[in-house]
Amino acid sequence: MSKTPTDSLQDAKAFIQDCLKQQMKIVAFSGAGLSAESGISTFRDKNPDALWSKYDPTQLASPEGFQANPEMVTDWYNWRRKKIAEAECNDAHRELAKHPDILQVTQNVDNLLEKAGVSPEKVVHLHGEINKDRCNQWSCGYEEEVDLQQPPRLRKCPQCNQDYLRPGVVWFGESLPEDAWNFATSEISQCHCLLVIGTSATVYPAANLIPVAKHQGAKVIVINTETSGASHLSDWELLGQAGDILPRLFC
Ligand code: OAD
């Protein structure tokens, strides 16, 4: 007889309780769906507001796009920054924040996990952070925090004065921050349980972290409103909103 969604939730919950009791390593790997209930748009799901159904990532999220029109790219990120500044964390962020031992490996560039109370040392931002700007020339190395509510318009780097400042996020065709990637890979290869929350699991290399966990024997619990690229790797797939499922999984 096949398992019902309630059976799956109960089984996954029993496993989580075991992990917590025995202090076994749990890592959460999240994507845009984690912040969706906070009103932050996802990129490529069925939601009509999904960003890549309305905007062209090659123009807005690539080094070539920035080269071609730095002002447009900066304005688009500033629009997203203001939305993130207004957003409140949701029940999924709040539930994760109740478990300070869980490492949060996220593809999200927002700061909602930190806003919910997760210590910044426990958040690995694989795709960078939108509340930072950096010099477009890697060799310069200049970086600064930006005010999400009132982000500055396109401007030259104050250190080298040679190139523009750009959002501190990872664009298509760029490498992930090396330290973040190495740390995430190492922690995920030692975990007993990987929670995969609100990601289509289609963007690489980040999505490769799921098979890394699976192949070294971790249990994979997928939480998503729909099936995803992680479905076939899941031990338990819990379909629903992260803000509903996560509190029930840990209660
Ligand atoms: P996607 O937009 O690709 O996927 C979001 C996933 O969240 C989908 O599978 C949805 O079904 C799911 N989802 C939506 N609402 C949810 C909810 N309330 N609860 C649970 N799940 C929900 O976003 P990512 O997988 O994060 O990269 O995309 C990965 C990367 O692609 C992003 O980091 C971004 C993008 O291009 C960069 O900007 C570099």
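Counting begins at 1 with the first residue of the sequence. Counting convention: from 1, in listed order, for ligands and their atoms alike.
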Is it true that E174 and R166 make a salt bridge, defined as a side-chain N closer than 4.0 Å to a carboxylate O? yes

Does a donor on one side chain and an acceptor on the other come within less than 3.5 Å for S30 and T106? yes

For a quick check: using heavy atoms under 4.0 Å, what are the residues in contact with ligand 1, sorted by chain and number? G31, A32, G33, A36, E37, T42, F43, R44, D45, W52, Q107, H127, V170, F172, G198, T199, S200, V203, N224, T225, E226, G240, Q241, A242

Is any side-chain N of the basic residue among R155 and E144 closer than 4.0 Å to the acidic one's carboxylate O? yes

Within the 3.5 Å criterion, strictly below it, is a donor on T42 or D45 matched to an acceptor on the partner's side chain? yes

Does atom CG (D179) have a neighbourhood of more than 12 heavy atoms from anything else shown, all under 6.0 Å? no

For V212, does its backbone N or O pair with a side-chain atom of H215 as donor and acceptor, under 3.5 Å? no

